Amino acid sequence: MTAVTTANGFALDNSGKRIVVDPVTRIEGHLRVEVNLDDHNVIRNAVSTGTMWRGLEVILKGRDPRDAWAFTERICGVCTGTHALTSVRAVEDALSIKIPENANTIRNIMQLTLHVHDHLVHFYHLHALDWVDVVSALNADPKATSELAQSLSPWPKSSPGYFRDLQGRLKKFVDSGQLGPFRNGYWGHPAYKLPAEANLMAVAHYLEALDFQKEIVKIHTVFGGKNPHPNWLVGGVPCAINLDGIGAVGAINMERLNLVTSIINQSIDFVEQVYIPDLLAIAGFYKDWLYGGGLSSTSVLAYGDIPDHANDYSPASLLLPHGAIIDGKLSEIHEVDLRDPTHVQEFVGHSWYRYPDETKGLHPWDGVTEANFALGPQTKGSKTRIEALDESGKYSWIKAPRWKGHAMEVGPLARYIVGYAQNKPEFKEPVEKVLKTLDLPVAALFSTLGRTAARGLECQWAANKMKYFMDKLIATIKAGDSATANTTRWDPKTWPKEAKGVGFSEAPRGALGHWIRIADGRIANYQAVVPTTWNGSPRDAEGRIGAFEASLLETPVADPERPVEIIRTLHSFDPCLACAAH
Amino acid sequence: MAMTETFYDVIRRQGISRRSFTKFCSLTAASLGLGPAFGPRIAEAMETKPRIPVLWLHGLECTCCSESFIRSAHPLVKDVVLSMISLDYDDTLMAAAGTQAEAIFDEIRQTYRGRYIVAVEGNPPLDEDGMFCIIGGRPFVERLREVAADSMAVISWGSCASWGCVQAAKPNPTHAVPVHEVVSGKPIIKVPGCPPIAEVMTGVITYLLTFDRLPELDRQGRPKMFYSQRIHDKCYRRPHFDAGQFVEAWDDEQARKGYCLYKMGCKGPTTYNACSTVRWNDGVSFPIQSGHGCIGCSEEGFWDQGSFYDRLTTISPFGVEANADQIGGTAAGVIGAGIAVHAALSAVKRARDKAVTPPPADPKPHP
Amino acid sequence: MTMTPPIATPAESFELEPIADLSDADTLRANRQTAIYVYEAPVRLWHWINAAAIMVLVVTGFLIARPLPSMPGEAAFTFLMGDIRFAHFTAGYILAVGLIGRLYWACVGNHHARQMLYIPFWRRQYWRDVGNQAAWYLFMVKYPRKYVGHNPLSQLAMFGMFFLGALFMICTGFALYSQGEGAASWQAKLFGWVLDLAGNSQNLHTAHHFGLWLMVVFVMLHVYAAIREDIMSRQSIVSTMISGWRMFKDHGQ
Ligand code: HEM
Ligand code: HEM
Ligand code: NFV
Ligand code: SF4
Ligand code: SF4
Ligand code: F3S
Ligand SMILES: [Mg+2]
């Protein structure tokens, strides 16, 4: 190839200078990206590679379906719990198990807790340093920083003295010469646009968010016993409710409910008084950096999640949007059917796996996971010293999922675009408010910044929805129903000889599905198609590129030695590679 | 090194008084189970030492060990990272990427030869020349070996690095192995758990820094201070166990009363970890307190020990899985039946022999 | 038609059975007398205490593995599981201490006191005798041989199933016990290696649990064989373990 147009409409040209970023850091897992720059240092070709695989789908075969949640939960500790939830849903679907209302409510609270936590940590600890120059914060005036902070939000930690102390600590830290995690960052890079005061404020919030995130997850600890990796249960939730009977101190009781309520309230405060104001303030300085749209303006996919009513997974019950948009037609929302063999399929033409026929995709119920590490003929270097990959051959541990043949973007932005297109006020209004505040057109949504903004809005939505479900939990208990598990089909003897099911959810990074086949009480096949499988997808047999690759195209890189623009856009997806390839 | 800032400098600069600093130190001593006498020693250590470089490597993993680490409440992880250690490499948190990140390995290995710690999360796969986990275009296992070679000690975070964990569960498709199988000649501290408890992780690091020595390890290489007792030995549901009061089904009356989860497959009696004492997330709860049995996540090979809802290991001698009682009970049943038949045949024989055969003459008895 | 029982002359027998401490006198007496003193008092005492301990261990062990339905009432006033475990551990100690005593007696007692602790593995004749005894159980020979001590098959069971089995249960049992006593306990120092060998505690439990079935199977076979032989063989059996004397029923015929 030199110049081609892909089947999904992107111009690729790999004739220019190739640069490699490996490892891509501040993500979960191992990702490599290679791009070709033209004479003006604009990206004309992008190759993204998942560089790890563990074989969970292989390991799951032959196991007890009731144990699957624990295995799949270990697909990822960052989006901890979402795979477990999706797994118990898949098993319950296969075995027609109905869960109690409280179990649904508690699961929703746990899933929303994950969204709040994950989005917050992503913004401050994984993404912020793409926009915030820590070293520049040393030049800030603490008093001006205080004024800036107070103009943005009523958050109390904003006095000049507070910022002065922090700056002192930071200075001492930098002076020590031991920069720790900030060592060798792109500090002083011209792509950083924030004034020193905004940088200092952001550093303060980086540390505050680090302190606060550990509070949010205590909700998982209450209901699931620990975080990361809380415990789940096929048929409900493992925690029993006992408000005032004998032994109530050992169950979900008033004290536990109060703890959860208190954390929910703190979370809402933190998101609304720190995260959202920071997001808007930072975005304000980067308004013209509208690169990174990629697939978002043409093809987005959401399965929906957070069922308002137990056991009702129809779009009407799902509070998060469900549907697909293709060809950029926001006016037409397509129904997504996870059972239909023509909807979701995975391809492996450019992935390190083997299919009997690699020109065809496989629906996950018939999915196959068989490793096949092979490098294309144009690979530079050797098998264990890869200098440059050959994207005409196999080049990633990630499979290529397609919806009706389309490469799709998933994630908060996809959900907000579908919600916006469906005119759901909960999603449309906040988007419009942000666009208005920043004075940007709707098209600005389809960008790196749009992705980052949607994540913030979703974090706020999720924090408030937790409150809604907490009220619901209390109302249900008040009405006399404190059941949390249905055990009628716990015993494998009650199961049919063969069954298949699908569970889905909206993980923080996007649409997640688990497909299971059960035979004789054991897992006969298990396939997960995960958000970062979609976003980080390599090309398919027909050359369609995935969301990461598409998003990097057309972006100018100021300094090819220090390509902050590349990681900025990649980070806007919040890549999770352990999830992607599992 | 230009200037070195100690933890004490930092904490004083934040406006924290000498008094609360001392208090922090005695709390740390208490959380390590060291008793009040150790408070001053911790204080002294923190007042005088530069920060030790830590290179945190990630192999095949799920990153929840990192997630757990950042949940530490005492000490706060920000204090660990800013004031106690110098976390110079950690793919998950570091600002640098690509070549700038890779350069750090050489920098630290040269400047701090023999004086840095390698913390490993996840583990290396060996099949396919290690290319199931590629970093910088090379197999992770090579990087791990190189970096460990010049280190002062290695910490194996979590069950992945310590035992192999989920990717090493049967059939271990990538041939993932724990760190101690590829690194030799260095002290290795295993901190198992999937993930380990945050305060256990920071406790191990604080101990190293404070006392300038490795914590005492048990035969399996785990710090005794956190791994010498089973969940069951300190479980608050233990009185129900001793009384014979058990949860018999999920969400039954006994579950609501907080009875013992033994019959639901709780692996507390077979699991060494600090959950029932330190608990999780600043002491809020731990698996058993929230109604699910322990799944044994800090034990070697816990994924391949049969169902999480069965206390004992499932064994499949002939392809059909069965537990000890099914196998033993069947054996006893078969033998019982055999005895019955044999007894009947013996009775018949005896009746017949009596009728027809005279006893033999003068036999010679054997010893 | 009658079958001739396998009768060896004393001379032959000495060639075939070169057992050091089975004196000529023993054999001669067995051919002359109706009774020989076989099991000395400590062996008999040990046997019945040991049998009781094993019964307690099997029952309580099973109840530890599969506890009874939940007890009603306050945990503070009930200690059922605790009592069952206490009985198990007490019986476990009795088993262990008893076996040590029994080993002592093997050193100072008569020849028969040693039989349970070994099998003459390298002696071809022994295995032939095992075959012969098996043939007797399979109704393939009409008359069993006479034995002063254990018959070869029962010696195999005593050694292979009981002695090794009991050692196994003691090693795994005390290794389990050491988990509660802690790493500094003598149990851990003496039996900690068993835990290492098992790999982890759950494997150890599973192994110890399997041992229960080994013991159950042994006891079933043993008690059945003892009673059956008492009736069908040519010597006294059950009463021998009570009085110590082996009576030969068809003496003089
Ligand atoms: C014939 C001998 C024995 C039998 C049949 C027997 C049987 C059993 C069984 C079936 C269990 C339950 C295992 C499980 O499912 O986890 C058990 C547990 C146990 N046994 Fe034994 N056992 C014997 C000897 C001993 C000895 C000599 C000791 C030494 C003190 C011992 C100590 C223990 C301990 C400490 C436990 C664990 C109790 C617990 O987990 O609460 N056993 N035994
Ligand atoms: C838990 C139950 C029992 C166990 C573990 C057990 C174990 C043993 C052992 C180890 C020996 C060999 C003794 C030695 O050589 O020092 C033995 C011999 C013997 N046992 Fe038991 N025993 C049990 C129950 C019984 C019972 C219920 C009877 C009677 C019906 C019995 C009858 C005998 C007899 C007669 C012998 C001597 C066998 C012979 O003469 O060769 N045992 N037993
Ligand atoms: N991709 C992905 Fe996950 C998420 N969110 C999940 O399913 O991160 Ni680890
Ligand atoms: S030990 Fe468990 S928690 Fe830690 S990385 Fe491995 S799978 Fe994740
Ligand atoms: S709940 Fe588990 S750890 Fe606690 S007493 Fe019961 S069996 Fe032991
Ligand atoms: S499952 Fe793991 S977290 Fe603790 S209680 Fe058991 S060791
Ligand atoms: Mg998959």
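All chains are named by letter (A, B, ...) in the order of the sequence lines, taking the proteins before the strands, and each is independently numbered beginning at 1. This is a predicted model, so every value here is computed, not measured.
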Looking at Asp129(B) and Lys383(A), is any side-chain nitrogen of the basic one under 4.0 Å from a carboxylate oxygen of the acidic one? yes

Going by distance alone, is a donor N or O of one side chain under 3.5 Å from an acceptor N or O of the other, for Arg54(A) and Thr174(B)? no

If we ignore angles and hydrogens, is there a donor and acceptor under 3.5 Å between the side chains of Thr484(A) and Asp251(B)? yes

Sidechain-backbone polar pair: Glu61(B) side chain, Gly77(A) backbone, donor-acceptor under 3.5 Å: no

Side chain / backbone / both / neither for Tyr89(B) at chain A, heavy atoms under 4.5 Å: side chain

Part of Leu60(B) within contact of chain A (heavy atom distance under 4.5 Å): both

Got Val217(A) and Trp280(B) here, is their nearest side-chain heavy-atom distance under 4.5 Å? no

Any side-chain heavy atom of Pro171(B) within less than 4.5 Å of one from Ile59(A)? yes

Anything under 30° is parallel, anything over 60° is perpendicular, the rest tilted; go ahead and classify Trp303(B) against Phe71(A). tilted

Is it true that the side chains of Ser83(B) and Arg169(A) contain a donor and an acceptor less than 3.5 Å apart? yes

Pair Arg138(B) + Asp22(A): basic N to acidic O under 4.0 Å: no

In terms of heavy-atom pairs under 4.5 Å, which option from Ala95(B), Gly258(B), Ser72(B), Gly291(B) contacts chain A the most? Ala95(B)

Within a strict 4.5 Å, meaning less than it, do heavy atoms of the Arg385(A) and Glu142(B) side chains meet? yes

Salt-bridge test for Arg183(A) and Glu107(B): reply yes if a basic N is under 4.0 Å from a carboxylate O, no otherwise. yes

Below 30° counts as parallel, above 60° as perpendicular, anything between as tilted: where do the rings of Trp69(A) and His292(B) land? perpendicular

Any donor-acceptor N or O pair under 3.5 Å, side chains Arg74(A), Gln167(B): no

What part of Phe140(B) gets closer than 4.5 Å to chain A, counting heavy atoms only: side chain, backbone, both or neither? neither

